[in-house]
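All heavy atoms count here, side chains included; hydrogens, waters and symmetry mates do not.
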Amino acid sequence: VQLVESGGGLVQTGGSLRLSCVTSGTIDSPTIMAWYRQAPGKQREFVARFSSGNTNYADSVKGRFTISGDNIKKTVFLQMNSLKPEDTAVYYCYARILGTSYWGQGTQVTVSS
């Protein structure tokens, strides 16, 4: 199973980016798809989760980020608006398939002040 992220990059404060994640190598649909992030020198933290049409967000991104996806197509997106320098991190896609957790390799998001 592979998770491949795309859409990261460099953006100014207040800008937007849209991350995408595609799962391949399995016919089984994820029960959960999510985004996490890890800033330099910090632990990986939860950002947002998508499961059977339900969504959850970290308090730090509520109102600015929107997660969406399709469990059957095994894709998940993260629309990030009003970006702040503290959003700078490597963003990782996560999927839970038949009780096993999978991670993507990450995509860098850098927000300049």
Side-chain angles (χ1 to χ4, degrees):
V1 177
Q2 283 191 318
L3 277 62
V4 179
E5 304 103 331
S6 62
L10 173 65
V11 65
Q12 292 184 333
T13 296
S16 298
L17 284 173
R18 179 177 169 87
L19 305 183
S20 301
C21 175
V22 179
T23 306
S24 62
T26 178
I27 61 172
D28 298 302
S29 297
T31 52
I32 298 171
M33 296 197 77
W35 290 95
Y36 287 73
R37 67 186 182 186
Q38 187 167 17
K42 294 187 177 181
Q43 291 187 332
R44 191 171 299 188
E45 64 176 6
F46 167 75
V47 175
R49 178 174 58 208
F50 176 88
S51 177
S52 300
N54 297 313
T55 58
N56 299 93
Y57 297 93
D59 288 343
S60 60
V61 306
K62 280 181 181 177
R64 300 187 298 122
F65 291 11
T66 302
I67 190 171
S68 61
D70 187 323
N71 290 85
I72 295 177
K73 293 182 179 179
K74 301 188 283 288
T75 58
V76 65
F77 307 97
L78 186 68
Q79 178 65 43
M80 305 185 294
N81 298 328
S82 303
L83 283 161
K84 306 174 182 180
E86 51 263 45
D87 294 319
T88 295
V90 177
Y91 283 69
Y92 295 91
C93 180
Y94 167 91
R96 189 165 182 84
I97 303 171
L98 296 179
T100 300
S101 296
Y102 298 92
W103 294 91
Q105 292 190 328
T107 184
Q108 177 70 46
V109 171
T110 302
V111 185
S112 63
S113 57

Worksheet item: Are Ile67 and Ile97 connected, step by step, through hydrophobic side chains (Ile, Leu, Val, Met, Phe, Trp, Tyr) whose heavy atoms are closer than 4.5 Å?
Response: no
With sequence neighbours left out, the residues meeting salt bridge (charged side-chain N to carboxylate O under 4.0 Å, His left out) with Lys42 are none
Looking only at heavy atoms, the pair that brings Glu5 and Cys93 closest together is OE2-N, 2.9 Å
Q: Would you mind reporting whether Thr26 and Leu98 have side-chain heavy atoms less than 4.5 Å apart?
A: no
Name the atoms and distances for all side-chain donor-acceptor pairs under 3.5 Å in residues 10-22, with sequence neighbours left out.
| residue | atom | partner | partner atom | Å |
| --- | --- | --- | --- | --- |
| Thr13 | OG1 | Ser112 | O | 2.7 |
| Ser16 | OG | Asn81 | OD1 | 2.9 |

In terms of heavy-atom contacts, Ala48 and Leu78 come closest through CB-CD1, 4.2 Å
Between the side chains of Lys84 and Asp87, is the shortest nitrogen-to-carboxylate-oxygen separation below 4.0 Å, so that they form an ion pair?
no
Contacts satisfying side chain to side chain donor-acceptor pair (under 3.5 Å) that involve residues 95-104 (not counting sequence neighbours) are Tyr94-Ser101, Arg96-Ser101
With a 6.0 Å cut-off (strictly less than), is the heavy-atom count around CD of Glu45, excluding the residue itself, greater than 12? yes
_Do Tyr91 and Leu3 land in one hydrophobic cluster if side-chain heavy atoms of ILVMFWY residues count as linked below 4.5 Å?_
no
Quick note, disulfide bond (SG atoms under 2.5 Å apart) partners involving residues 29-72, not counting sequence neighbours, are none
Looking only at heavy atoms, the pair that brings Ala89 and Gln38 closest together is CB-O, 3.4 Å
- Query: How about Val61 and Arg37: do any of their side-chain heavy atoms sit closer than 4.5 Å?
  - Reply: yes
So the ring pair (Phe, Tyr, Trp, His ring centres under 6.0 Å) pairs with at least one residue in residues 48-90 (sequence neighbours excluded) are none
The complete set of disulfide bond (SG atoms under 2.5 Å apart) pairs with one or both residues in residues 27-68, sequence neighbours excluded, reads none
Tell me whether the count of non-hydrogen atoms from other residues, nucleotides or ligands lying under 6.0 Å of CD in Gln2 goes above 12.
no
